[in-house]
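First the structure, in the form of structure tokens, and then the observations on it.
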Amino acid sequence: MARDTTDERPIETVEELAADLEAGCKPAEDWRIGTEHEKFPFYAANNAPVPYGGERGIAKLLEGMQDKLGWQPIIDDGNIIGLYEPTGTGGAISLEPGGQFELSGAPLETIHQTCRESNAHLAQLRLIADPLGIKFLGLGASPKWSLDDTPKMPKSRYDIMRAYMPKKGDQGLDMMHRTSTIQVNLDFCCEADMRKKMQVSYRLQPIATALFANSPFTEGRPNGMVSWRADIWRDVDPDRSGVLPFVFADDFGFMDYVQWALDVPMYFVLREGRYIDCTHVTFRQFMDGALEGEIPDPRPNKGDWTNHLSTVFPEVRLKRFIEMRGADGGPWRRICALPALWVGLLYDETALDAADTLTQSWSHDDMVALRDAVPVEGLHARIHNQSVREIAYEVLEIARAGLKSRAKFNQDGFDEAHFLAPLEEIAARGTTAAEQMVTKYHSVWGGSVEPAFLEYAY
């Protein structure tokens with residue numbers, strides 16, 4: 001999310017909050033694809049992280065992109081922290097806490113458009129970054145820098161999170177500063193469609209994690225995992241992350257998600273341009289008057305709720321669309337492969353039914369166990385006597401058929417299914433990108449992670 005909202009319309013009832021989510025329902029012809037991807041800026045001369053300030057810092061990158069694109073700046077306490085396309089129909093650029101540079105893509109119709117958007121963004125960024133000696137690393141977690149080495153972005157909400165995270169888990173600060181992801185946001189037509197897509201997406205999120213596993217190093221050495229990023233998320237904040245059991249109820253609906261989010265502690269409210277720490281109350285308590293006398297205008301408003309929903313982090317997140325949150329960041333081809341995977345599975349009714357049938361017998365406990373195993377075992381993890389690799393073959397076959405059925409989106413003789421090729425290669429090979437990197441580390445890389453900054457740079 002590039003910027004926090006300041007919608008001051010008051011909230012009167014809990015029912016309004018469920019209606020707000022339900023307002024995301026769209027007919028299938030209006031479904032879109034919103035792809036987000038993060039990457040780590042580093043100096044090419046020495047593979048050091050890029051600080052916010054200075055003549056060759058991240059602020060200069062943002063200022064250069066502002067001049068090139070004509071987008072509007074997002075300012076926080078006098079600091080430029082992002083950009084947004086001024087008509088509101090395009091993308092946005094934002095900074096994650098450790099300087100991860102993120103493009104939140106526009107809502108687009110096809111994977112072809114998503115790839116063109118990513119290509120254009122990276123090309124534009126290189127024009128600004130190259131004269132500054134800056135490159136970008138496409139991995140799921142920082143392979144070299146310690147937490148102390150990693151710069152801290154001057155974004156007010158992040159200051160609140162930095163103070164709160166260590167109270168809830170041991171790896172929250174690592175999540176904020178040393179991880180990177182690719183995500184895709186997808187639509188639904190009604191509550192039943194949302195339910196089915198949420199359930200299938202939760203079950204298959206560990207499969208995506210294994211296929212995209214790309215973070216095997218910590219502070220210059222192998223960490224024994226294929227996805228350190230995914231393992232970090234296991235110990236961030238149990239109040240707001242993980243696999244939500246109520247999603248799998250036969251009657252799960254918008255109100256159930258609202259009732260859960262209401263009882264998650266808040267991070268902040270935004271008043272008069274200032275972020276106010278509200279980590280001591282839940283949103284439900286806020287609605288019940290808990291902040292009376294503590295903040296200006298203590299009545300919750302629409303902006304407060306929208307911002308609150310952006311601070312809960314389950315494996316699959318519900319807003320007016322569904323966010324897939326299970327993948328490590330990676331090289332360019334995988335930026336296109338992630339939306340291809342989920343569009344193929346969720347935007348074709350036959351494919352969605354097939355994915356649902358494939359996973360319907362998995363219990364919540366099964367899924368939690370699989371989710372816990374995948375960061376270390378990757379494609380070798382098992383559920384119901386099947387390996388993740390075996391399941392991935394079936395899932396990719398379903399996704400490929402789903403993409404091929406989107407005939408009206410075929411362009412120049414190429415349907416969208418070819419964007420799955422990087423994932424099909426991983427499944428066929430039986431080893432993740434992470435395992436390949438570790439093999440190189442012990443051989444041609446000579447026990448060093450420095451070559452990753454060359455081979456995995458944008």
Side-chain angles (χ1 to χ4, degrees), residues 1-26 30-32 34 88 104 107 157 160-161 164 183 185-199 201-202 237-271 275-292 294-325:
M1 184 175 183
R3 55 180 171 151
D4 295 309
T5 182
T6 54
D7 185 340
E8 296 181 353
R9 290 175 295 166
I11 296 169
E12 304 294 344
T13 67
V14 170
E15 285 71 23
E16 291 176 48
L17 305 181
D20 184 71
L21 292 178
E22 191 169 13
C25 294
K26 299 175 181 176
D30 292 336
W31 290 351
R32 295 294 182 265
S104 298
R157 69 182 280 170
I160 293 170
M161 293 171 66
Y164 182 72
Q183 295 179 190
N185 306 323
L186 299 174
D187 291 315
F188 44 81
C189 70
C190 61
E191 188 169 66
D193 186 47
M194 177 278 295
R195 177 189 307 124
K196 192 170 187 177
K197 286 175 176 173
M198 286 282 285
Q199 291 172 349
S201 300
Y202 263 105
D237 184 343
D239 292 334
R240 67 184 72 239
S241 59
V243 181
L244 305 180
F246 61 86
V247 167
F248 302 98
D250 291 341
D251 59 351
F252 166 67
F254 296 113
M255 181 58 79
D256 299 291
Y257 194 85
V258 166
Q259 293 292 351
W260 169 73
L262 281 170
D263 290 321
V264 174
M266 298 171 63
Y267 280 157
F268 63 85
V269 295
L270 189 56
R271 293 292 185 272
Y275 287 79
I276 302 172
D277 187 330
C278 293
T279 53
H280 59 296
V281 299
T282 66
F283 204 94
R284 191 185 303 277
Q285 291 167 333
F286 180 26
M287 289 190 68
D288 289 341
L291 296 180
E292 293 279 351
E294 289 191 34
I295 64 171
D297 190 3
R299 300 169 301 168
N301 61 47
K302 300 284 189 182
D304 296 327
W305 177 245
T306 299
N307 293 337
H308 180 61
L309 288 182
S310 77
T311 69
V312 297
F313 309 120
E315 295 285 297
V316 182
R317 182 159 66 182
L318 178 62
K319 296 181 180 177
R320 290 186 178 182
F321 44 84
I322 299 172
E323 295 183 356
M324 308 302 160
R325 300 175 52 81

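Sequence positions, counted from 1, serve as the residue numbers for this chain. Please read these numbers as outputs of a predicted model, since none were measured by experiment.
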> Between OG of Ser241 and CZ of Arg325, what distance do you get to the nearest 0.5 Å?
Replying inline: 9.0 Å
> Which residues satisfy the side-chain hydrogen bond (donor to acceptor under 3.5 Å, both in side chains) test with Asp237, sequence neighbours excluded?
Replying inline: Arg240
>> Taking Cys190's backbone N and O only, do any of them form a donor-acceptor pair with Asp193's side chain (distance below 3.5 Å, no angle check)?
In response: no
>> Name the residue from Phe252, Phe246, Phe248 that meets the ring pair (Phe, Tyr, Trp, His ring centres under 6.0 Å) definition with Tyr202.
In response: Phe248
> For Phe321, what residues pass the ring pair (Phe, Tyr, Trp, His ring centres under 6.0 Å) criterion, not counting sequence neighbours?
Replying inline: none
> In terms of heavy-atom contacts, does CD of Glu8 have more than 12 from other residues, nucleotides or ligands at under 6.0 Å?
Replying inline: no
> How are the rings of Phe283 and Phe286 set relative to one another: parallel (under 30°), tilted (30 to 60°) or perpendicular (over 60°)?
Replying inline: perpendicular
>> Please check if the number of heavy atoms outside Arg299 that lie under 6.0 Å from its CZ is greater than 12.
In response: no
> Pick one: which of Ile276, Thr311, Asp304 meets side chain to side chain contact (heavy atoms under 4.5 Å, CB included) with Phe268?
Replying inline: Thr311
> Taking the side chain from Arg284 and the backbone from Gln259, do they hold a donor-acceptor pair closer than 3.5 Å?
Replying inline: yes
> CE/Met194 to SG/Cys189 distance, rounded to the nearest 0.5 angstrom?
Replying inline: 11.0 Å
>> Would the distance check show the side chain of Trp31 and the main-chain N or O of Lys26 forming a donor-acceptor pair, the cut-off being under 3.5 Å?
In response: yes
> Is there a donor-acceptor pair under 3.5 Å between the side chain of Glu16 and the backbone N or O of Glu12?
Replying inline: yes
>> Rounded at 0.5 Å granularity, tell me how far CD1 in Ile295 sits from CG in Leu270.
In response: 10.5 Å
> Which heavy-atom pair separates Asn301 from Ile11 by the least distance, and what is that distance?
Replying inline: O-CD1, 3.2 Å
> Is there a side-chain contact between Arg317 and Tyr257 (heavy atoms, below 4.5 Å)?
Replying inline: yes
> Is there a donor-acceptor pair closer than 3.5 Å between any side-chain N or O of Asp277 and the backbone N or O of Ile160?
Replying inline: no
> Can you tell me how far the CZ atom of Arg32 sits from the CG atom of Asn185, to the nearest 0.5 Å?
Replying inline: 14.0 Å
>> Could you measure the distance from the OG1 atom of Thr306 to the CG atom of Asp7? Nearest 0.5 Å is fine.
In response: 6.5 Å
>> Closer than 3.5 angstrom, by distance alone: can the side chain of Glu191 be matched with the main-chain N or O of Phe254 as a donor-acceptor pair?
In response: yes
